[in-house]
Amino acid sequence: MATSTARSTSAARICTIVGFVCAVLALLLNPILFGVIGLVLGVVGAVLGDKPLGWYAAGANVVAMLLSMLILSAL
């Protein structure tokens, strides 16, 4: 049973890390595409067990989407 717990924790951490990477990509490249993908990955990471960082990744994606759209609308 310990292997299952380690796998879910590892999968949660991977989802969270990819969520943070998507937040950076949402800020730099495409806010809608990468922002939504990162938001979903952050929530999935939080639900799978990476509680604080998963929610932080989801929040970072929302902030990155809003900030990037604000910057793009100003140009």
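The chain is numbered in sequence order, starting from 1. None of these values were measured; they are calculated from a predicted model.
Heavy atoms only, all atoms of each residue included: G38 and C22 are closest at CA-CB, 3.6 Å. Residues L27 and A64 share a closest heavy-atom pair of CD1-O, 4.0 Å.
Under a 4.5 Å side-chain heavy-atom cut-off, the cluster of Ile, Leu, Val, Met, Phe, Trp and Tyr residues that includes I17 has no other member.
Within the 4.5 Å cutoff, the side chain of L48 has no heavy atoms near those of the R13 side chain. By the 4.5 Å heavy-atom criterion applied to side chains, V43 and W55 are counted as neighbours.
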Could you tabulate the donor-acceptor pairs under 3.5 Å formed by side-chain atoms of residues 67-75, not counting sequence neighbours?
{"residue": "S68", "atom": "OG", "partner": "A26", "partner atom": "O", "Å": "3.4"}
{"residue": "S73", "atom": "OG", "partner": "M69", "partner atom": "O", "Å": "3.3"}
{"residue": "S73", "atom": "OG", "partner": "L70", "partner atom": "O", "Å": "2.9"}

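Within the structure, every pair that satisfies the side-chain hydrogen bond (donor to acceptor under 3.5 Å, both in side chains) test and touches residues 15-42, not counting sequence neighbours, is listed here: T16-D50.
When hydrophobic clusters are built by joining Ile, Leu, Val, Met, Phe, Trp and Tyr residues whose side-chain heavy atoms come closer than 4.5 Å, directly or via intermediates, L25 is grouped together with L28. L33 and M65 fall into different hydrophobic clusters, where Ile, Leu, Val, Met, Phe, Trp and Tyr are joined by side-chain heavy atoms under 4.5 Å apart, directly or via other members. L29 and V24 end up in the same hydrophobic cluster when Ile, Leu, Val, Met, Phe, Trp and Tyr side chains are linked at under 4.5 Å.
Separation of atoms CG (N61) and CZ (F20) is listed at 8.5 Å; rounding is to 0.5 Å. Atom CD1 of I32 is separated from atom CD1 of I37 by 11.5 Å, given to the nearest 0.5 angstrom.
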